[in-house]
Amino acid sequence: MILKDIVKSTGRYITGIVYPERCPLCGRTMYAGSAGIICQKCYGKAEYTGDSVCMKCGKPVSEDTEFCMDCTGKETSFICGKAVFVYNQYLQKSMAGFKYYGRAEYGRFYAMEMFKKYESWIRKISPDALIPVPVHEDRRLKRGYNQAEIIAGWLGEMTGIQVVSDMVIRKKHTNPQKELSNKERRRNLYGAFDIVKKSRELYPKIKCVIIIDDIYTTGSTIEECSYVLKSVHINEIYFLCTCIGKGY
Ligand SMILES: [Zn+2]
Ligand SMILES: [Zn+2]
């Protein structure tokens, strides 16, 4: 899907032409031409994932730790992944605006940060497609957009990698994951995704993908998504998320 379609599907402009430009962290209105720039008050409040991260999921861990608690001893369908920001209070506010208050324009900022931090990693993997984690159709209609698709759309523009958002669907309504334990999260998501039957005919050459999402917590969403992709012989699966929790 190209950006034009995303703009069409969101039903609004996601640049500052129609909506005022805002700080992507606090939502404060900014001067024209400042899209994607953090305001003075929020400067330095976004915490980036550093060098000491889990080798599997990219969650910050204490030094000399290879894997975080969630990844220790766990086999996954994906190879590994990365995230840009630690999900601190500022990113929580930003993400809430992005997901629940129509601030679709923040997606460009998230993609820009992904691109800045991980361009060489993406190039090295050289995926055949970026796959945004799908939301259930009812939720997408209510919200007006799928937030992961917005991020993937911008990242696709920046990298020139095709975005495929019609391969995996979310067929099951899932309860919000926030309050659930790891085990409950997995059960909650079991069977939540499916592969669109025609997609293998449409995209026969896709073998390697990067899944795009907004927040990574325990990894059950990415795992379930990877699991269905593997069922159609997409064997090289990575992920890239905007935010991630801490592993300690
Ligand atoms: Zn701000
Ligand atoms: Zn991990």
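Both counts, for ligands and for their atoms, begin at 1 and track the order of listing. We're numbering straight along the sequence, starting at 1.
With hydrogens and angles ignored, the 3.5 Å screen pairs no side-chain donor or acceptor of T242 with any backbone N or O of Y110. K45 places a side-chain N or O within 3.5 Å of a backbone atom of K41 that can act as its donor or acceptor partner.
Around the Zn ion (ligand 2), protein N, O or S atoms at less than 2.8 Å comprise C54 SG, C57 SG, C68 SG, C71 SG. Within the protein, the N, O or S atoms lying under 2.8 Å from the Zn ion (ligand 1) are C23 SG, C26 SG, C39 SG, C42 SG.
Side chain to side chain, Y203 and Q162 fail the donor-acceptor criterion of an N or O pair below 3.5 Å. For the residue pair K56/T76, the side-chain donor-acceptor check at 3.5 Å is satisfied. Side-chain atoms of T29 and E21 form no donor-acceptor pair, as typed in the model, at a separation below 3.5 Å.
I169 belongs to a hydrophobic cluster whose other members, connected by ILVMFWY side-chain contacts under 4.5 Å either directly or through intermediates, are V196.
A salt bridge links E137 with R140: at least one charged nitrogen is closer than 4.0 Å to a carboxylate oxygen.
Residues passing the ring pair (Phe, Tyr, Trp, His ring centres under 6.0 Å) test with F78 are F239, sequence neighbours excluded.
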Before you tell me yes or no, could you show the steps for R123 and E119 under salt bridge (charged side-chain N to carboxylate O under 4.0 Å, His left out), namely the whole-Å CA-CA distance, both residues' side-chain angles and the distance that decides it to 0.1 Å?
CA-CA 6 Å; R123 300 277 178 229; E119 190 194 356; 3.3 Å; yes
